[in-house]
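These notes concern the structure reproduced below.
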Amino acid sequence: MRLRSLIIIFGLLLALTPGSDAAAESVELIDNGRSLTSSFRHYMFINHDEHHSRFVTSRVGGILESTPYKGARIGWLISDNRLNLRDNGLNKTNINITHHDKSGSVYIDMPLFSVLELRTRATVSRSISRTQFIFGTKLSYTPVEALLLTVDIGKNSKSLFLDSSYDTELISIPFSVDWYHYGLSVRIKLHENLTLFSVVNDIDLMEDIIPNDEPYSSNISGSGNYRYFGIMFEKTNRGYVKFSVSQVNGGGKINLHYDNVRFGQLSKIIGNLSEWQCDVSYNPVLRNWKLSFERMHFAGDLSGNVQSWPFGDQLTDLLGLRRNFTAQADIVLWKLTVDNDFKIGRNGFFRPALNLFRAYPDMRFSHWQPAFLVFGVADLQKYVSNLKRVDFGRLFISAGKKWNRFVLSCDISQFFPIKITKFESDDNGTSSAPTEPAEASNGSKKNPLKLNSGRNIQVRLQYLF
């Protein structure tokens with residue numbers, strides 16, 4: 001398995017687990033009142049002569065809302081969401097990841113008493129021939145004006161299909177993640193201009209084997225947590241300074257089955273992401289420009305194995321056609337952001353942003369097969385990234401306009417390389433980046449960073465009624 005494909009698959013699985021932006025999109029759609037919305041997103045990961053990776057999403061949704069009394073909202077939301085990631089590479093290996101769900105939601109926002117507010121949502125979603133009941137409830141308590149406590153509980157679900165082909169062999173495996181989340185957030189206004197924020201969230205994944213018409217199936221289990229603390233000093237019409245720290249921890253495992261017998265496993269998936277961030281906006285000097293400085297540190301560890309017997313006879317597998325693999329990553333990323341929001345006329349907006357990144361990646365990947373049965377080591381291959389430092393940037397532009405009841409917006413972003421610094425190879429040549437066989441045979445080197453990669457385009461059309 002190529003390291004590039006492994007990273008793409010693992011990254012997408014993480015994107016579909018708790019913490020993805022799907023929930024945020026739903027909340028945004030709800031907050032827009034009565035509307036019909038259609039959006040399309042195309043992301044180009046990698047695009048050069050012999051390798052292509054594309055990520056495409058689409059969303060169509062509608063919402064009807066009523067306000068029975070002041071401060072209360074009752075609504076009905078329907079949506080159709082599609083996702084596709086296609087990776088075509090060398091060695092006749094193709095990977096296709098798809099997700100499609102249709103859902104209907106009923107939500108209620110209402111003040112219960114003078115100090116309590118309830119927000120709740122119930123959703124019926126269908127994906128991969130499964131009907132799921134999803135719910136979420138937030139209860140906010142404001143005993144005094146300077147204090148806000150919010151309790152958040154709920155259940156959610158994500159599903160996708162992974163299709164992988166090598167030459168004429170095709171594998172189709174369903175993945176689904178169901179989880180419960182529990183959270184508590186606190187906002188304390190210490191002074192007219194000084195506010196503290198704190199958030200604690202815990203997530204438990206439910207282990208369940210997903211049925212499939214094909215002989216392949218999977219199940220995922222694990223847990224995670226999120227911690228956040230922030231402090232903001234804000235002065236009306238002049239700007240603000242905000243500092244925050246956060247940490248995300250998670251772990252779990254993935255089992256792959258053929259006719260209800262396990263043939264592959266990610267036995268250890270561990271990830272930790274810590275971050276601190278400082279945001280500054282001072283209108284008299286910066287003229288509404290905002291500066292943000294972040295430092296992120298990600299550490300991850302993955303190990304597992306895949307057996308060959310679903311694709312051949314068990315005697316062949318007994319003789320050693322089983323592949324074990326491990327991967328480790330330790331990445332420090334610094335990020336500087338400059339952005340602004342401009343009003344164009346009465347109903348238009350334009351938002352430019354520039355991100356500058358500096359990354360210190362340390363990534364290792366190794367795989368081998370047992371010499372006999374499950375014992376010994378044979379055909380051991382190790383890859384160690386020779387990247388010492390990577391400097392790159394991202395240009396982002398968002399613009400939109402409202403005509404009568406129609407709202408059209410477009411987001412465009414493009415990553416671009418600045419400078420790549422590599423370690424010099426050791427005398428024994430053990431420090432090397434993963435290379436494709438075609439590159440290794442002739443000794444040529446190709447730059448994986450191209451201006452036609454790392455591009456994101458998202459278009460959204462909304463009708464208000």
Does any donor atom in the side chain of [X] or [Y] lie under 3.5 Å from an acceptor atom in the other side chain?
X: Thr326; Y: Ser303; result: no
X: Asn255; Y: Gln265; result: yes
X: Asn84; Y: Thr98; result: no
X: Tyr228; Y: Gln247; result: no
X: Asn456; Y: Arg41; result: yes
X: Asn219; Y: His257; result: yes
X: Thr337; Y: Ser292; result: no

Restricting to non-hydrogen atoms, name the atom on [X] and the atom on [Y] that form the minimum distance, rounded to 0.1 Å.
X: Leu387; Y: Phe423; answer: O-CE1, 3.7 Å
X: Asp330; Y: Ala299; answer: OD2-CB, 4.0 Å
X: Ser157; Y: Ile134; answer: N-CD1, 4.1 Å
X: Ser267; Y: Lys253; answer: O-CB, 3.9 Å
X: Pro361; Y: Ile331; answer: CA-CG1, 4.1 Å
X: Ser246; Y: Tyr226; answer: CB-CE1, 4.1 Å

Begin with the C-alpha distance, continue with both residues' side-chain angles, and end with the deciding distance and a verdict on side chain to side chain donor-acceptor pair (under 3.5 Å) for Thr120 and Thr137.
CA-CA 4 Å; Thr120 186; Thr137 299; 3.2 Å; yes
Classify the ring geometry between His367 and Phe365 as parallel (under 30°), tilted (30 to 60°) or perpendicular (over 60°).
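His367 and Phe365: tilted rings.
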Do [X] and [Y] make a side-chain contact, defined as non-hydrogen atoms from C-beta onward lying under 4.5 Å apart?
X: Glu294; Y: Glu275; value: yes
X: Arg389; Y: Lys419; value: yes
X: Val248; Y: Phe298; value: no
X: Asp379; Y: Trp368; value: no
X: Cys410; Y: Ile412; value: yes
X: Asp362; Y: Gln328; value: no

Taking it one step at a time, do Ser79 and Ser103 satisfy side chain to side chain donor-acceptor pair (under 3.5 Å)?
CA-CA 6 Å; Ser79 65; Ser103 63; 2.9 Å; yes
Among Trp334, Phe357, Phe416, find the one that has a ring-ring contact (aromatic ring centres under 6.0 Å, His included) with Phe392.
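Running ring-ring contact (aromatic ring centres under 6.0 Å, His included) over Trp334, Phe357, Phe416 with Phe392 returns exactly one hit, Phe357.
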salt_bridge([X], [Y]) N-O dist < 4.0 Å:
X: Asp178; Y: Lys155; result: no
X: Asp109; Y: Arg73; result: yes
X: Arg351; Y: Asp339; result: yes

Take Asp411 and Arg460, measure what salt bridge (Lys or Arg N to Asp or Glu O under 4.0 Å) needs, and give me the verdict at the end.
CA-CA 9 Å; Asp411 299 339; Arg460 181 176 180 178; over 6 Å; no
Given 3.5 Å as the limit, does a donor-acceptor pair link the side chain of Ser35 with the main chain of Thr37, or not?
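Checked: no pair found.
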Donor-acceptor pairs under 3.5 Å, side chain of residues 196-206 to any protein atom, not counting sequence neighbours: which ones?
| unit_1 | atom_1 | unit_2 | atom_2 | d |
| --- | --- | --- | --- | --- |
| Asp202 | OD1 | Arg227 | NH2 | 3.4 |

May I have the step-by-step check of side chain to side chain contact (heavy atoms under 4.5 Å, CB included) for Asp301 and Lys268, ending in yes or no?
CA-CA 7 Å; Asp301 194 353; Lys268 180 174 70 172; 3.0 Å; yes
Give a yes or no on whether Lys138 atom NZ has more than 12 heavy-atom contacts from other residues, nucleotides or ligands under 6.0 Å away.
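No, the 6.0 Å shell around NZ holds no more than 12 heavy atoms from other groups.
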First locate atom [atom1] of [X], then atom [atom2] of [Y], and finally report the distance between them rounded to the nearest 0.5 Å.
X: Leu273; Y: His297; atom1: CG; atom2: NE2; answer: 9.5 Å
X: Asp391; Y: Ile418; atom1: CG; atom2: CD1; answer: 6.0 Å
X: Leu139; Y: Arg119; atom1: CG; atom2: CZ; answer: 12.5 Å
X: Phe229; Y: Ser244; atom1: CZ; atom2: OG; answer: 10.0 Å
X: Phe243; Y: Asp279; atom1: CZ; atom2: CG; answer: 10.5 Å
X: Ile254; Y: Leu302; atom1: CD1; atom2: CG; answer: 8.0 Å

Verdict with reasoning, Ser125 to Thr131, per side chain to side chain contact (heavy atoms under 4.5 Å, CB included)
CA-CA 6 Å; Ser125 175; Thr131 300; over 6 Å; no
Ser39/Arg59 under side chain to side chain donor-acceptor pair (under 3.5 Å): CA gap, chis, key distance, verdict:
CA-CA 5 Å; Ser39 65; Arg59 178 189 182 93; 5.4 Å; no
Are Arg323 and Gln369 close enough, and set up right, to give a side chain to side chain donor-acceptor pair (under 3.5 Å), and what steps lead you there?
CA-CA 5 Å; Arg323 209 72 193 174; Gln369 67 182 50; 3.1 Å; yes
With side chain to side chain contact (heavy atoms under 4.5 Å, CB included) as the criterion, how do Ser398 and Phe396 come out once you've worked through the C-alpha distance, each side chain's angles and the decisive distance to 0.1 Å?
CA-CA 7 Å; Ser398 179; Phe396 173 85; 3.6 Å; yes
Could you give me the CA-CA distance, side-chain angles and deciding distance for His181 and Asp152, then say whether side chain to side chain contact (heavy atoms under 4.5 Å, CB included) is met?
CA-CA 8 Å; His181 66 270; Asp152 182 10; 3.5 Å; yes
